[in-house]
A.B. asks: 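Got a structure here, written out as structure tokens. Questions coming.
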Amino acid sequence: MESKLTIYNTLTRSKEVFVPLDPPLVGLYVCGPTVYGDPHLGHARPAVTFDLLFRYLTSLGYRVRYVRNITDVGHLENDADEGEDKISKKARLEQLEPMEIAHYYTVRYHRYMDALGMLSPSIEPQASGHIIEQIGMVKQILEAGYAYESNGSVYFDVEKYNRDHRYGRLSGRNIDDMLANTRELCGQDDKRYSFDFALWKKAGPEHIMRWPSPWSDGFPGWHMECSAMSRKYLGDRFDIHGGGMDLVFPHHEAEIAQSTAACGHEAARYWMHNNMLTINGQKMGKSLGNFITLEELFTGSHPLLEQPYSPMTIRFFMLQAHYRSTLDFSNEALQAAEKGLDRLMKAVETLNKLGASAGKSTVDVGDLERRYTEAMNDDLNSPMVIAALFDWTRTINQLHDGSQKISSEDLARLKMLVNMIVFEVLGLRDEKAADTVGGTDHLTPVVDLLLELRAEAKTNKDWPLSDRIRNRLADAGIKVKDQKDGPSEWTIE
RNA sequence: GGUGCGAUGGCCGAGUGGCUAGGCUCAGGUCUGCAAAACCUGCUACAGCGGUUCGAAUCCGCUUCGCACCUCCA
């Protein structure tokens with residue numbers, strides 16, 4: 001843990017050296033999905049970002065408790081505390097229990113996250129399972145005087161909070177200005193000011209999801225769940241809170257206010273936010289018709305997609321951009337990522353089969369190690385790591401064809417390093433290798449026989465036969481690669 | 001309107017005072033019976049206008065354009 005990992009803290013708008021509160025433990029909380037619809041491309045970005053962080057911290061020797069919530073209640077359609085609960089609405093439309101909706105989409109979410117190679121969080125708490133904790137925290141905020149009850153609902157008193165602490169620091173908002181401009185009170189509403197947010201909402205008669213509380217039968221405000229659950233599992237103070245940039249305001253701003261009001265101090269030390277993903281230069285939105293689910297992506301079943309893209313292609317594509325940059329999705333970019341990943345995985349395979357050369361190394365394995373460490377420590381600069389890996393892809397191919405040399409000691413170190421970076425930290429998986437399991441055992445002797453016959457044909461300079469075998473195998477999805485010396489190799493495409 | 005972020009070669013995408021990012025595409029070459037793969041070579045860019053500097057894509061200012069959040073969205 002000597003490394004100097006720096007991460008960009010949204011709170012200070014600068015890169016800071018990461019110092020855990022209680023090493024080797026690290027507490028990481030990330031806002032998870034609201035499970036009312038199929039997981040889409042946008043869900044993959046924070047998942048990849050924080051999976052990378054989780055994996056890297058773990059590889060540095062930290063014991064990370066990674067908490068990612070499932071929002072199954074309280075997330076309304078409109079943040080002005082109007083509108084229907086998202087889960088309830090879906091349940092009503094599909095004539096199902098809200099918990100059926102939540103369960104169905106939670107399972108789907110897990111399935112696609114698994115496909116994308118995400119490690120499971122340490123704890124994945126559901127908002128509906130933590131109503132008691134949320135009510136408890138609302139009580140504390142009321143006792144501290146930073147909330148008021150109004151007609152069975154409880155609202156956070158932003159104006160009062162702002163007098164004692166500063167509201168809006170994370171998102172760069174100035175409440176004083178907002179106050180000056182918003183002198184008129186929200187007349188018919190229960191709230192005093194439009195920017196006050198609900199901690200507890202009284203449920204109308206049509207509301208299915210409701211729990212008893214000291215104030216009314218109702219349900220918690222959306223922001224409460226993260227404050228209550230992060231506190232329960234990570235404590236009053238914890239290291240890192242993450243999420244998408246779109247959550248900075250109001251969600252995370254409200255979380256900070258809630259935690260500070262209840263505990264007297266802020267909860268999270270570092271706030272990390274991944275940037276958004278655009279599709280052909282536009283943000284993804286249901287109304288824009290460019291809303292692509294992960295299922296559509298993996299099967300190619302969306303009008304915008306020229307072909308299916310594998311889960312690892314998506315993961316690699318995202319890792320090729322820095323998590324704080326906007327990333328533009330396009331068929332061209334995805335196809336480039338697919339080819340690049342293929343090149344990289346082939347090199348890893350080549351490396352793992354490689355034997356040491358005689359004599360001293362002509363390559364410096366330390367170069368990869370230094371570049372990897374430096375890049376990851378610089379706010380998880382995965383694109384730089386991948387650039388280094390591609391430089392070493394060339395080197396590995398040169399070792400393979402003998403134009404470079406490597407000692408057995410260096411080779412062992414290189415194999416260890418490359419496999420660690422590619423599989424354990426970047427979390428990639430060799431999809432082609434995985435595909436062949438099951439079929440290969442029976443196929444191998446057959447293909448080997450055909451290649452033997454082809455080798456004989458080649459010896460006899462019977463090119464038509466040789467090419468026929470190669471072409472027919474290609475038609476069957478088996479690609480033949482002739483070697484300079486030795487038998488031909490083959491791979492399933 | 002408010003708050004932020006950005007504009008990099010054919011495409012994607014790093015970098016951030018002086019030294020080739022990388023991937024994909026394209027062109028030429030080596031190898032090969034021919035392919036494929038691999039390797040070598042080439043295409044050398046930083047929105048515009050000013051300023052600071054010995055030197056700026058990188059710092060400062062202005063302009064133009066784009067994006068995100070402020071309203072449901074990861």
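Here the structure is a predicted model, which is why all the values come from computation and not from measurement. Letters A, B, ... are given to chains in the order of the sequence lines, protein chains preceding strands, and every chain is numbered from 1.
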A.B. asks: I want to check a possible cation-pi pair here: A/Arg192 against A/Tyr155, using under 6.0 Å from ring centre and within 45° of the ring axis as the test.
C.D. replies: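 No, A/Arg192 does not sit over the ring of A/Tyr155.
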
A.B. asks: Would you please classify the geometry between the A/Phe195 ring and the A/Tyr193 ring as parallel, tilted or perpendicular, with 30° and 60° separating the classes?
C.D. replies: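 The arrangement is parallel - the two ring planes meet at less than 30°.
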
A.B. asks: Is it true that A/Arg454 and A/Asp467 make a salt bridge, defined as a side-chain N closer than 4.0 Å to a carboxylate O?
C.D. replies: no

A.B. asks: Closest to the A/Arg13 side chain: B/A21, B/A74, B/G4?
C.D. replies: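 Out of B/A21, B/A74, B/G4, the nucleotide with an atom closest to A/Arg13's side chain is B/G4.
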
A.B. asks: Are OP1 or OP2 of B/G33 and a side-chain N or O of A/Lys458 less than 4.0 angstrom apart?
C.D. replies: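 Answer is no, no contact under 4.0 Å.
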
A.B. asks: Measuring from the side chain of A/Ala333 (C-beta onward, heavy atoms only), which nucleotide among B/C24, B/G4, B/C12 has the closest atom?
C.D. replies: B/C12

A.B. asks: May I ask you to establish whether A/Arg324 and A/Tyr8 are in a cation-pi arrangement, using a distance under 6.0 Å from NZ or CZ to the six-membered ring centre and at most 45° from the ring axis?
C.D. replies: yes

A.B. asks: Both A/Phe390 and A/Asn381 contact RNA chain B. Which one's nearest nucleotide lies toward the 5' end?
C.D. replies: A/Asn381

A.B. asks: Phosphate oxygens OP1/OP2 of B/C40: is one of them under 4.0 Å from a side-chain N or O of A/Gln398?
C.D. replies: yes

A.B. asks: Would you check if A/Thr71 and A/Val35 make a side-chain contact, meaning some heavy-atom pair closer than 4.5 Å?
C.D. replies: no

A.B. asks: A/Leu473 CG to B/A36 P: how many Å, rounded?
C.D. replies: 17 Å

A.B. asks: OP1 or OP2 of B/A14 sitting under 4.0 Å from any side-chain N/O of A/Ser325?
C.D. replies: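 For B/A14, OP1 or OP2 has a side-chain N or O of A/Ser325 closer than 4.0 Å.
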
A.B. asks: Over all strands shown, is A/Met245 touching base, sugar-phosphate only, or nothing at heavy-atom distances under 4.0 angstrom?
C.D. replies: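 The residue A/Met245 makes no contact with any strand.
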
A.B. asks: In whole Å, what separates the P atom of B/G50 from that of B/G10?
C.D. replies: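 It comes out at 24 Å once rounded to the nearest Å.
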
A.B. asks: Taking the ring of A/Tyr161 and the ring of A/Phe156, is the distance between their centroids below 6.0 Å?
C.D. replies: yes

A.B. asks: Do the side chains of A/Leu5 and A/Tyr56 get nearer than 4.5 Å, heavy atoms only?
C.D. replies: yes

A.B. asks: What is the distance, to the nearest angstrom, from the CG atom on A/Leu277 to the P atom on B/G6?
C.D. replies: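 Value for this atom pair: 18 Å.
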
A.B. asks: Is B/U16 paired to anything, Watson-Crick or G-U wobble with both distances less than 3.5 Å, and if yes, which nucleotide?
C.D. replies: none

A.B. asks: Where is the tightest heavy-atom contact between A/Asp72 and A/Ser128, given as atom of each residue plus distance?
C.D. replies: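 Scanning both residues completely, I find the closest heavy atoms to be OD2-OG, 2.6 Å.
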
A.B. asks: Between the base of B/G33 and the side chain of A/Asp467, is there a donor and acceptor pair under 3.5 angstrom?
C.D. replies: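 In this structure, the two groups form a donor-acceptor pair.
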
A.B. asks: So, is A/Arg394 close to the B/G23 phosphate, meaning a side-chain N or O under 4.0 Å from OP1 or OP2?
C.D. replies: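 It does, given that an N or O in the side chain of A/Arg394 lies less than 4.0 Å from OP1 or OP2 of B/G23.
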
A.B. asks: What interatomic distance, in whole Å, is found between P of B/G33 and the corresponding atom of B/A47?
C.D. replies: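 Looking at atom P only, B/A47 and B/G33 are 50 Å apart.
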
A.B. asks: Please report the distance, rounded to the nearest Å, between CD in A/Glu253 and P in B/G4.
C.D. replies: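 In whole Å, B/G4 P lies 12 Å from A/Glu253 CD.
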
A.B. asks: What contact category does A/Lys461 fall into here, base, sugar-phosphate, or nothing, at under 4.0 angstrom with non-hydrogen atoms?
C.D. replies: nothing

A.B. asks: Starting from C1' on B/C39, measure out to CD1 on A/Ile396 and report it in whole angstrom.
C.D. replies: 14 Å

A.B. asks: B/G22 and B/A14: how far apart are their C1' atoms, nearest whole angstrom?
C.D. replies: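 These two C1' atoms come out 8 Å apart once rounded.
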
A.B. asks: Is there a Watson-Crick or G-U wobble partner for B/G6 with both distances under 3.5 Å, and if so, which one is it?
C.D. replies: B/C65

A.B. asks: Any base atoms under 4.0 Å from A/Leu247, or only sugar-phosphate, or nothing? Heavy atoms, all strands.
C.D. replies: sugar-phosphate

A.B. asks: Pick base, sugar-phosphate or nothing for A/His322, based on heavy-atom distances below 4.0 Å to the nucleic acid.
C.D. replies: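 Sugar-phosphate contact only - A/His322 comes under 4.0 Å of backbone atoms but never of a base.
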
A.B. asks: Give the rounded distance in Å between these two atoms: CZ of A/Phe195 and P of B/U3.
C.D. replies: 16 Å

A.B. asks: Check whether any side-chain nitrogen or oxygen of A/Arg343 sits under 4.0 Å from OP1 or OP2 of B/C39, and answer yes or no.
C.D. replies: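 Indeed, a polar side-chain atom of A/Arg343 lies that close.
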
A.B. asks: Could you state the atom-to-atom distance from CG of A/Asn275 to P of B/C67 in whole Å?
C.D. replies: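 Distance, rounded to whole Å: 14 Å.
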
A.B. asks: Can you check the distance between B/G42 and B/A21, where both ends of the measurement are the P atom (answer in whole Å)?
C.D. replies: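 Looking at atom P only, B/G42 and B/A21 are 13 Å apart.
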
A.B. asks: Does the side chain of A/His400 get closer than 4.0 angstrom to OP1 or OP2 of B/A38 through an N or O atom?
C.D. replies: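 For B/A38, neither OP1 nor OP2 has a side-chain N or O of A/His400 closer than 4.0 Å.
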
A.B. asks: Considering every strand and a 4.0 Å limit on heavy-atom distances, what is the contact class for A/Arg468: base, sugar-phosphate, or nothing?
C.D. replies: nothing

A.B. asks: Could you check which nucleotide pairs with B/G33 in any of the strands shown, counting Watson-Crick or G-U wobble with both distances under 3.5 Å?
C.D. replies: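 The base-pairing partner of B/G33, which may sit in any strand shown, does not exist here.
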
A.B. asks: What is the separation between atom CG on A/Leu380 and atom P on B/G15, rounded to the nearest whole Å?
C.D. replies: 12 Å

A.B. asks: At less than 3.5 Å, do the side-chain atoms of A/Arg470 and the base atoms of B/C34 form a donor-acceptor pair?
C.D. replies: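 Counting by modelled atom types and ignoring angles, a donor-acceptor contact under 3.5 Å is found here.
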
A.B. asks: With a 3.5 Å limit on both atom pairs, tell me what B/U44 is paired to, counting Watson-Crick and G-U wobble, or say none.
C.D. replies: none

A.B. asks: Please state the P separation for the pair B/A27 and B/U16 - nearest whole angstrom.
C.D. replies: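 Straight-line distance between the two P atoms is 34 Å.
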
A.B. asks: Kindly say if A/Asn397 contacts the phosphate of B/C39, meaning a side-chain N or O under 4.0 Å from OP1 or OP2.
C.D. replies: yes

A.B. asks: By nearest nucleotide on RNA chain B, pick out whichever of A/Ala337 and A/Asn274 is the more 5' one.
C.D. replies: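 Upstream on the strand: A/Ala337.
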
A.B. asks: Taking the P atom of each, how far is B/U41 from B/G23, in whole Å?
C.D. replies: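 Rounded to whole Å, the distance is 12 Å.
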
A.B. asks: Is there side-chain contact between A/Thr49 and A/Met272, with heavy atoms separated by less than 4.5 Å?
C.D. replies: no

A.B. asks: Give none if B/A56 has no partner; otherwise give the nucleotide forming a Watson-Crick or G-U wobble pair with it, both distances under 3.5 Å.
C.D. replies: none

A.B. asks: Picking from B/C24, B/G23, B/C69, which would you name as closest to the side chain of A/Lys339?
C.D. replies: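 Taking heavy atoms from C-beta onward, the closest nucleotide is B/C24.
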
A.B. asks: Please determine, for the side chain of A/Asp401, which listed nucleotide (B/C39, B/G33, B/A74) has the closest atom?
C.D. replies: B/C39

A.B. asks: Given B/C34, B/G22, B/C24, identify the nucleotide with an atom nearest to the side chain of A/Arg454.
C.D. replies: B/C34

A.B. asks: I'd like the C1' distance from B/C34 over to B/C24, given in whole Å.
C.D. replies: 26 Å

A.B. asks: Measuring only the C1' atom in each nucleotide, how far is B/G55 from B/C65? A whole number of Å is fine.
C.D. replies: 29 Å

A.B. asks: Select base, sugar-phosphate, or nothing to describe what A/Gly244 touches, counting heavy atoms under 4.0 Å on all strands.
C.D. replies: sugar-phosphate

A.B. asks: What is the separation between atom OH on A/Tyr309 and atom P on B/C12, rounded to the nearest whole Å?
C.D. replies: 14 Å

A.B. asks: Looking for any heavy atom pair under 4.0 Å, which part of the strands does A/Leu327 touch: base, sugar-phosphate only, or nothing?
C.D. replies: sugar-phosphate

